[in-house]
Each structure stands twice: as C-alpha cells, then as structure tokens.
Amino acid sequence: MFWDWNYVWEITPTLLRASVVTIQATLLGFALAAVLGLVLAILRMSKTGWISVTAAGFVEFIRSTPVLIQIFFIFFVFPEFGVVLPAMTAGVIALGLHYGSYCSEVYRAGLENVPRGQWEASTALNLSPYITFRDIIIPQAIPPVVPALGNYLVALFKETPLLSAIAVLELMQTAKILGSQSFRYVEPITLVGGFFLVMSLIAAAFIRQVETYLNRTLRNPGGAR
Amino acid sequence: MQLRPLAVCAIVFFTAGLAVSSFAGFREFIPGLLQGAAVTIQITVGGCILAMVMALIAAMAKMYGPLPLRWLAVAYIEVFRGTSALVQLFWLFFVLPHFGILLDPLTVAITALGLNVGAYGAEVVRGAVNAVPRGQWEASVALNMPRALSLRRIILPQAFVAMIPPWGNLFIELLKATALVSLITISDLTFKAQQMNQTTFRTVEIFTIVLVVYLALSVLITVGTRTLETFAARGIARGR
Amino acid sequence: MTTPMVKFDNVTKSYGTLTVLDSLNLEIAPNEKVAIIGPSGSGKTTVLRMLMTLERINDGVIYVDGDPLTHMQKNGKLVPADERYLRKVRGNIGMVFQHFNLFPHMSAMKNCMEAPIHVLGLSKKEAAERAAELLDMVGLGDKKDQYPSQLSGGQQQRVAIARALAMRPKVMLFDEVTSALDPELVGEVLNVIRKLGTEHNLTMLMVTHQMGFAREFADRVCFFYGGKIAEAGKPDEIFNEPKEERTRQFLSAVLEAN
C-alpha cells in the first residue's frame, strides 16, 4: 500500500505542532533579515570607501556560500569562541544572516530608485542626513520593494527544513523521526511537501495582492482614498 | 553577483590563508576535501544541464503547449518552486523506493536539484521570451514564418542574451543547494567537512576552508557567466 | 473587369465595445498604389495589420487576388481561416513596419535570407543571390554584412524593404515607414519606394503622413476618419478640392504643422 490514511491522521497532530516551530523560525529569521538587510544596504551606500567595500564583500560572501554551511558554522564554530547557542537560535541567526544579505540588495535597489532630486531638495531645506534618511528617503524607498521582500520571506520559509541538519525539531526533522520510527516515509514527507506548497501558494497570492495594491497607491500617492 | 568578485576574493583568500596557516595538519585533509569538491562540482554540472533542459521544456509547454501539457508545466513549476529543495530531495530519496524506484543517491541528487532549479529557470526563460519586442513576432508573421521557426530562429536567440545573468544566479543557487546532498549520505564537500569535523575537531579551520572553496566555485561561475555575457552581447545580438 | 488584388468586403474590427473599423468596403486593383491618410486613431494602421493577418477581424471577409484571406472554403461555406490556411495565402503579402522590426541578431544579408530559406525553401546560394540583388537595389550593396545596430534608421528601413521583397509578395504594405526616422533620412526611404513603384509590378498600400509623397506617388488616396473611409479619390481631387469638411480640416491642420 502506497498511502495509509490512518497513519496520516495519526501523525498530523505531531506535524502541526512541529509546523509551529517552522513558522517561528521563519518569522524570527525574517525579522532579523529585514533589519540586517537595511543596515547592510545603508552601510553599502556609505561614502567611506572601506565601509561600503566591507559591507559589499560581506553580502557577496554570504550570498555565494551555502546556508547549510553557514548554519554549521554558527552552530559548531561559535562555541569554539565560547558562544554556545541553542540549535534553534543558531539556525535563526544563520537564516537571518543569509536572507539579510539578499534583502540588502532589495533595499539598495529601493534606495537607489529614490530620485536624486529628493536628496538635493532635502539639502536645500537644510535637513540633516539622518532626518533626510528617516523622513524623506526611507518612506519612499521601502513600499515599492515590499513585494520583493515578501518573496524572500517565502524563500526563507522554504529553507527552514535545513534546520533539521542541526536537529531543530521543525517539520522536516519531525517527519524524518516519524519516518524512522514507522519505516513509512511516504506520508510524513509528502505531508511536509504539501504544507510548504500550500503555504507558498497562499503567500504568493498574498504578495500579488500587495503588489497590485501598491501599484495603485504608489502611482497616485496621497490621492483620494 | 553584483560586485567586482575578484576584490572580495582577495579579502577572503587572505582570511583563508590565515586559517590554513594556523591549521598545521591541513595537508592530510586536502585529498578528502578535493574528493568532496569533485562530487560537488559533478552534481552542480549535472544539475545545471538538467535544469536548463527542464526550464526550456517547461517554459515552452507553459507558453505554447496544448492545454493538458500547459497544466502539466504549470504544476511542475508551482510544485517545485513552492516546496523546499530539501523536501524534494528527501522525497525522491525516501519515497521513491516505496514505489519500487531505486536510484543511486547521486542520481537522486542531480535529479532533485536539476528539477528544482529548472522550475525557477522556466520562469527566467518565460520572462526573457516575453521581453523580446512584439514587433519581432509581427515581422516573422509578415515573412510568413511558422511559429516554431520564428521561436527558434528569431525569438529564442534574442531571449538567450537576456537569460544569461539570471541563469548565472540560478547556477550559484544550485551550487549552494548541492550542500544539501550531504544529508542523503553523498560525500560531497559539506559531507567531508562534517566527517573531518567529527574526527579532528578542527572546526574553525575546516568550515572556514569549506566556505572559501564554495566561494571560489561561485566566483568561477560568476566569471564564467560574465564572460559569456560580454561574448554573447558582442557576438549574437548587437543591440538594436 | 479584372479581379481586384485586394478586396475588403464589409470588414469590421472592434476591441470590446470600441469599433476601430466599421464595415469597410474597399477594392484595390492589381498594380494600384493606394495611400491611406487620416488622423491617428482613425483605424488606418488597422487596415494594414488586418491584411497582414496580425489582427483578426470580427466580421466580413478580406480577399487577396480573388481568394479569401481571412476565411477558407469548407464544404462550400466560408469559415474563419486556421493557421495552416493562413500560411498558404499570407505569402502574397509583404509588410514594412514603422519601427523596422529587423532581427537584431542577424546581419542585413541574413535578415533578407532567413525567410526565403526556411519558408520558401530556397537554397542558401539562391537566397544569398536574391538578398544581394535586393540590397543593391535599395542602395545598400556595401552594407550587406552590417548588423541593424550599425545602420542608420533610413538604412535599417531600406533593409526591411529588401527583406519583405525577398519573399516576392504581390502586395506590399507600408505602415508609416518614415514616421520613426529623422527628417533628413526620410528621402532615401521614399526614393526606394518610388523606384519600386516604377520598376516592379506591385500593388502597394501605404499609411503615411507624408502628404507630398502621397500626392505624387499614389493612384488613389483614402481619407479615414472614425473607422470609416470619409473620402476617397484621385490625389488631385482629395488635395485640391476635398468635398468633405473633415478632410479639409485635416489637410489644413497637417499643412499648418509643416
């Protein structure tokens, strides 16, 4: 028999509980990525040569190497320097770091798309660089890139099964344990796949909604609501 | 892939140099790491080829295929983009044998990663084909060319140029994803690193070196696609 | 009376509720040169695009050289043409576009050889001879191996004309072929068209804003307005003594702009 519904009902509660861990890891990881990405993007735009080059090098380095190794690195290497992190924390940091690098490129595109005239007008009004950034540039730079950030949220979500490699009890790890207990891998792994597929499709549809909404409001800023 | 990769490379190889010099018994691990790197490269190359083939087929089926074929293509693209590469890998590795399909792990690895990246690639192909100006299709109609011919001789060669940079990114994603195959017992670079970590406990050095090897391979891909890009931009499409 | 080369029989084209062409009837004799003028949005470009089968028509039938173009005979009835039928009859027509639409990845020669080889089945040698001859004819004998991006707009448009002629069409369509050109390049393209008119037996339909050229070159001028032919006749009649108020307004507006 290829598919056993009784077994499916038996393992569903366990998998649902594990999915909470998956979602936690996703949200925490992305919160870190969103903040770190913005910081990296701003550092990268710095006029001080070595700051921008270092930030750029860091981003390129993180983007060019596998997340899995980065997870291992944080989980196994940090303790060597006395920083012992629980698996979940290490995993969240690694995912946040990895996707923060991706997000920084998105933010950068957003920041660069704000017309130069906005900076010049702010200078003409004698606004400090900090205020210009906070009140003039960021509010214009972020909304257009929200869909792109959303796509990385989904991408990060789909990478959370990697945390199974350092034994975080998220969906994949739970499925593997269930499989090894019952010698039935078909149901747990298929269910996990189905869960990711459904969540990703829902997220993609939601992002499309946000995109059309933004297209409408951004083209007509401050227009009739 | 945006930065002068060589500058980054220099910085990182400097760090790597420091790590290596502090790693006294490093020499005896070189053969193992090289073997692992060879497996990683093998899977990357195999996966890239499969991905390009699948991407082209799926994109063509989705855009021009008859209805059932179109649905099949959409299903393929959505399923493989909507689930994780690791889930797909495990599914092929653990579930297929239940259906009596026994593949060796290396085949599973290349198939899973190739299919995964191929699904993303299909959207790249589609985007590039759609970006070719409508006038090119109209000119082909005016010259009475059949659709397949205009696609093959007029549209795809132009789309090809636009596809190179995103494909470069996808190849790097694929290279990075090969690290996952260590989880289905293939002794690639990541697997070897894990193995050595458990036997030598030289954690810092091993993982630093492995990161650098992946970085070097990424840079190689970047430089390769850049070269192809300038070559193609000069040789195939001379702008319009 | 000879069969008209092109015949529009009650042809209607609309997008949703917007009617672009309203039951058009027009017959064009073999070897006749017809200029189509009119304000933008009057449906004049649509006439050419329908004839090139780039747009489907909603009603009516278009005939080319006596055969239905948009429809085919099936059990004695006319049904909308399928792709195979279209490919058979489309070969009678060639078109030159406003924005040239040359293939950017092919040299001038290759642009002119591609369709003759793959559609007409000519050998490479035959196609090359034909392409060379036509490029000579449009005055680009020395630019054969240049790519579109290496050519000026006027030169690109002349290559586009040669490319269309290489298919040996009976009807040539020119869709605002000089509108995208810098003023000093317009003349060289019009000269090629002039030459075509005298040296070849071709039926020509052109949508143009070059009133001087339309007047000198065309056998008949059709003024389109609001999806209909508002007035048609010999160039002298249309330009010297237009009967319709709309035609008069349009012509004086165009003359003023020049």
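Here is how names work: the chains are called A, B, and so on, in the same order as the sequence lines, proteins then strands, and each is numbered from 1.
- Of the atoms belonging to A/Phe81, it is side-chain heavy atoms, and not backbone ones, that fall under 4.5 Å from chain B.
- Other residues, nucleotides and ligands contribute over 12 non-hydrogen atoms within 6.0 Å of the CD atom of A/Gln24.
- Residue B/Thr178: no heavy atom, backbone or side chain, is found under 4.5 Å from chain A.
- The residue among A/Met199, A/Lys176, A/Gln70 with the most heavy atom pairs within less than 4.5 Å of chain B is A/Lys176.
- Judged by distance alone, the side chain of A/Lys158 and the main-chain N or O of B/Arg81 form a donor-acceptor pair under 3.5 Å.
- Other residues, nucleotides and ligands place no more than 12 heavy atoms under 6.0 Å from the CZ atom of A/Phe183.
- Only the side chain of B/Leu183 comes within contact range of chain A, with at least one heavy atom under 4.5 Å from a heavy atom of that chain.
- For A/Leu162, the parts sitting under 4.5 Å from any heavy atom of chain B are the backbone and the side chain alike.
- Interatomic distance, CG of B/Leu215 versus CD1 of A/Ile62, reported as 10.5 Å (0.5 Å rounding).
- Atom-to-atom distance recorded for A/Ser64:OG and B/Lys176:NZ is 7.0 Å, nearest 0.5 angstrom.
- In this structure, the portions of B/Val79 lying under 4.5 Å from any heavy atom of chain A include both its backbone and its side chain.
- By the 4.5 Å heavy-atom criterion applied to side chains, A/Phe72 and B/Thr190 are counted as neighbours.
- A perpendicular orientation is assigned to the rings of A/Phe73 and B/Phe207, their planes being inclined by more than 60° (bins at 30° and 60°).
- Top candidate by heavy-atom pairs under 4.5 Å with chain B, chosen from A/Ala155, A/Ala175, A/Ala204, A/Gly193, is A/Gly193.
- Rounding to the nearest 0.5 Å places CG of A/Leu171 at 11.5 Å from CG of B/Leu86.
- Atom-to-atom distance recorded for A/Ile69:CD1 and B/Ser182:OG is 7.0 Å, nearest 0.5 angstrom.
- Residue B/Gln88 does not touch chain A at all, counting heavy-atom pairs closer than 4.5 Å.
- Listed here is the closest heavy atom pair of B/Gly82 and A/Ser200: O-OG, 2.7 Å.
- In this structure, chain B has no heavy atom under 4.5 Å from any part of A/Phe75.
- With a threshold of 4.5 angstrom between heavy atoms, A/Thr190 approaches chain B through its backbone and through its side chain.
- Between B/Gln194 and A/Phe76 there is a side-chain heavy-atom pair separated by less than 4.5 Å.
- Among A/Val59, A/Val67, A/Val77, A/Val154, the residue making the largest number of heavy-atom pairs under 4.5 Å with chain B is A/Val77.
- We find the CZ-OG distance between B/Phe90 and A/Ser164 to be 5.0 Å, quoted to the nearest 0.5 Å.
- Using a 30° and 60° split on the angle between ring planes, B/His98 and A/Tyr185 fall in the perpendicular class, above 60°.
- Looking at A/Leu68, only its side chain comes within 4.5 Å of chain B, counting heavy atoms on both sides.
- Proximity to chain A (any heavy atom under 4.5 Å) is shown, for B/Leu180, by both the backbone and the side chain.
- Within the model, atoms CD1 of A/Ile189 and OG1 of B/Thr83 stand 12.0 Å from one another, a figure rounded to the nearest 0.5 Å.
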